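Order of the sequence lines sets the chain letters (A, B, ...), proteins ahead of strands, with each chain counted from 1. All values derive from a computational prediction rather than experimental measurement. As a basis for the values below, the full set of heavy atoms in this structure was taken, side chains included, without hydrogen atoms, waters or symmetry mates.
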There are 2 protein chains.
Amino acid sequence: MFSKATEYALRATIYLAKKSSPDKKIGIGEIAKAIDSPPSFTAKILQSLTKDNTLVSSVRGPNGGFFLTENAKKLPVRAILIAMGEDEVLEKCVLGLKRCSEVQPCPMHEQYKSIKQLLIKLFTNKSIQQLANEIKEGEVYISNKINHQ
Amino acid sequence: MFSKATEYALRATIYLAKKSSPDKKIGIGEIAKAIDSPPSFTAKILQSLTKDNTLVSSVRGPNGGFFLTENAKKLPVRAILIAMGEDEVLEKCVLGLKRCSEVQPCPMHEQYKSIKQLLIKLFTNKSIQQLANEIKEGEVYISNKINHQ
DNA sequence: ATAAATAAAGATAACTTTATCCTTTATTGT
DNA sequence: ACAATAAAGGATAAAGTTATCTTTATTTAT
Ligand code: FES
Ligand code: FES
């Protein structure tokens with residue numbers, strides 16, 4: 001559904017929502033290990049997410065690293081998709097028509113539109129924080145490797 | 001959601017379901033025009049779908065072309081995804097974990113699983129023929145260009 | 001001030017996807 | 001048989017994705 005880059009972005013951001021704060025920054029090494037992703041690629045992705053500083057924040061130097069502000073944690077998961085330039089996936093026509101709408105619907109549209117609405121609702125209504133909380137609540141994972149913390 | 005190749009495969013197959021039969025074969029030129037796709041790329045894709053001859057069929061030479069058998073038209077849309085090697089999209093974890101299951105669910109899983117089931121059901125229960133019929137019934141399109149036939 | 005730590009930036013490489021074009025093979029009608 | 005037609009197959013190329021590594025810039029602690 002999403003690109004590898006966006007999958008890593010989602011997992012990394014959720015991890016940051018769970019573990020970081022403005023005075024507890026997390027290094028790329030720990031992040032990549034926690035979400036089971038390639039470190040340097042993940043670095044590049046987080047770098048791009050810090051561009052406007054509303055989603056992911058970072059500081060360099062000792063005790064530096066990446067973190068989310070309280071405001072960032074309240075953002076909808078969809079904000080990550082938007083930042084990654086992959087929000088369109090939620091709006092796209094399943095058959096690849098340029099526009100998915102009632103105006104010129106494809107043969108799947110009538111049946112797909114309700115699923116599409118559920119997808120959009122899910123990514124819009126769920127906040128990054130809410131997802132992070134689910135990890136705390138128990139048997140929910142953000143990595144392929146089960147890590148006993 | 002799907003690759004360009006799979007989008008073209010879906011549109012082309014639906015078009016063939018609507019227009020072709022074992023004694024009415026359609027050339028790649030007409031198909032590509034009808035579904036607004038790059039002709040040679042579409043040819044390659046259909047070529048790959050004729051490999052096992054259960055989905056798309058073809059014959060060369062004059063009056064040759066691509067077509068679907070009555071059996072092929074009855075197949076679920078999902079058969080196209082399987083033939084394109086992209087069926088996994090329906091089963092995948094939204095966050096990119098290697099397995100999407102209750103065993104090691106990601107933070108999105110609890111909310112996503114019902115949407116996933118709807119997606120799987122849609123692609124499994126809808127037949128290629130049913131989609132093609134919707135085009136006949138009226139204002140439903142398979143191309144970006146509105147073509148008055 | 002200096003050294004250490006850490007992200008940012010840049011270059012590059014491997015692989016995949018998308019796409020085109022040319023040649024070959026099979027089929028049909030004459 | 002022969003010519004025309006249309007898909008099959010192969011080579012290739014452009015663009016995008018995934019990934020790594022090296023150098024630079026910034027921050028902190030001593
Ligand atoms: S037009 Fe194809 S899904 Fe809406
Ligand atoms: S485990 Fe992530 S969606 Fe099911």
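- Residues from residues 45-58 of chain A lying near DNA chain D, meaning a heavy-atom separation below 4.0 Å, are absent.
- The CZ atom of B:Phe2 sits 13 Å away from the P atom of C:dT18 (whole-angstrom rounding).
- Atom CD1 in B:Ile26 sits about 16 Å away from atom C1' in D:dT5, given to the nearest Å.
- Atom CG of B:Asp36 and atom C1' of C:dA19 are 15 Å apart (whole Å).
- At a cut-off of 3.5 angstrom, counting only N and O atoms as typed in the model, there is a donor on one side and an acceptor on the other between the side-chain of A:Lys44 and the base of C:dA9.
- A sub-4.0 Å separation between OP1 or OP2 of D:dT18 and a side-chain N or O of A:Tyr8 is absent.
- Note: CZ (B:Phe41) to P (C:dT17) measures 10 Å, nearest angstrom.
- Side-chain contact, B:Glu134 with A:His109: no donor N or O sits under 3.5 Å from an acceptor N or O.
- Rounded to whole Å, the distance from CD on B:Glu30 to P on D:dA6 is 11 Å.
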Audit row: A:Phe2, A:Phe123, ring-ring contact (aromatic ring centres under 6.0 Å, His included) steps and yes/no: CA-CA 13 Å; A:Phe2 302 117; A:Phe123 281 88; 5.6 Å; yes
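- Transitive grouping of hydrophobic side chains (ILVMFWY, heavy atoms separated by less than 4.5 Å) brings A:Val56 and A:Ile28 into a common cluster.
- Interface remark: the B:Lys4 side chain does not form any donor-acceptor pair with the D:dG16 base, using a distance-only criterion of under 3.5 Å.
- Candidate nucleotides D:dA6, C:dA5, C:dT28 were compared by shortest atom distance to the side chain of B:Pro62, and C:dT28 ranks first.
- Separating the NZ atom of B:Lys25 from the C1' atom of C:dT28 is a distance of 10 Å, rounded to the nearest angstrom.
- Taking atom CZ of residue A:Phe66 and atom C1' of nucleotide C:dA5, one finds them 13 Å apart after rounding to whole Å.
- Contact check on A:Glu102 versus A:Lys113 returns a salt bridge, with a Lys/Arg side-chain nitrogen under 4.0 Å from an Asp/Glu carboxylate oxygen.
- Taking a cutoff of 4.0 Å between a charged side-chain nitrogen and a carboxylate oxygen, A:Glu30 and A:Lys33 do not qualify as a salt bridge.
- Salt-bridge formation is not detected for the pair A:Lys116/A:Glu110: no Lys NZ or Arg NE/NH1/NH2 atom is positioned less than 4.0 Å from an Asp or Glu carboxylate oxygen.
- Residue contacts for A:Ser3: at a heavy-atom cut-off of 4.0 Å it reaches the sugar-phosphate backbone alone, with no base atom in range.
- Nearest-nucleotide positions on DNA chain D for A:Thr6 and A:Val59 put A:Thr6 closer to the 5' end.
- Inspection of the B:Thr54 and B:Asp52 side chains reveals an N or O donor paired with an N or O acceptor under 3.5 Å.
- At a threshold of 4.0 angstrom between heavy atoms, the contacts of A:Ala5 are confined to the sugar-phosphate backbone, with no base atom among them.
- Atom CG in B:Asn63 sits roughly 9 Å away from atom C1' in C:dG29 (whole-Å rounding).
- As judged by a 4.0 angstrom heavy-atom cut-off over every strand, A:Gly65 is placed among residues touching the sugar-phosphate backbone only.
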